[in-house]
Participant: 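Questions regarding the structure given below will be posed in turn.
When a ligand or atom number is given, it counts from 1 through the structure's own listing order. Residue numbers run from 1 in the order of the sequence given.
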Amino acid sequence: MAFDLPKLNYQYDALEPHIDAKTMEIHYSKHHATYVNNLNNALQGTGNEDKKLEDLLAGVSGYPAAVRNNGGGHYNHTMFWEIMKPNGGGNPTGDLADAINRNFGSYDKLKELISNAGLTRFGSGWAWLVLKGGELVVTSTPNQDNPLMDVSDVKGTPIIGIDVWEHAYYLKYQNRRNEYLAAIWNVLNWEDISRRFKLAIH
Ligand code: MN
């Protein structure tokens, strides 16, 4: 098997009350696991089993839809688990905080823009903070697409990705995506997000 479900670095209930334990359990052990299995199945026997995930995504228009949907699903969820942590939240710091202030005016404004990107994404998808040409940009994608894909309207390096599929919030928030998007800031892992920004900008 080319790809594995990565280990979750915290317990299912660790992000309570903002993200409930049952949602975490199903989201990680069922949804993410299925993306990994389906990605492996889609690649099996094609000669592409050993390709890096980022390389598959960069050329995803040349692969079957199953690679786009499940490769995106695997990348996006792996990132999502890592940019959250128990007792997270607070404010961005250092060079990332400077870049946020320069590009958006304030962290509050960035939160507003990402929340709005998630709220206005019709159906299922993701809201993103992306580094593009040295600047931070907010965007969203449908389904399991992401800004690494050649098919994406806005391309760049993902710095923050917020899952706005109903499976990410429905058990606790039902139809209230806005409440989920208001709570997500309380569990962000700024150390990991800053690490991604540093890697992307160099
Ligand atoms: Mn999801």
Participant: In D163, the N, O or S atom nearest to the Mn ion (ligand 1) is which?
Facilitator: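 For D163, the N, O or S atom at the smallest distance from the Mn ion (ligand 1) is OD2.
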Participant: Just how far is it from atom CE of M24 to atom CG of L15, taken to the nearest 0.5 Å?
Facilitator: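 If I round to the nearest 0.5 Å, the distance is 5.5 Å.
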Participant: Tell me, which N, O or S atom in H167 is closest to the Mn ion (ligand 1)?
Facilitator: NE2
Participant: Do other residues, nucleotides or ligands put more than 12 heavy atoms under 6.0 Å from the CD atom of Q174?
Facilitator: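 For Q174, atom CD is crowded (more than 12 foreign heavy atoms under 6.0 Å).
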Participant: Can you spot which of T93, I83, N91, I160 makes a side-chain contact (heavy atoms from CB on, under 4.5 Å) with W190?
Facilitator: I160
Participant: How many degrees, to 10°, between H77 NE2 and H27 NE2 as seen from the Mn ion (ligand 1)?
Facilitator: 90°
Participant: What do you reckon, is CG of N87 surrounded by more than 12 foreign heavy atoms closer than 6.0 Å?
Facilitator: no
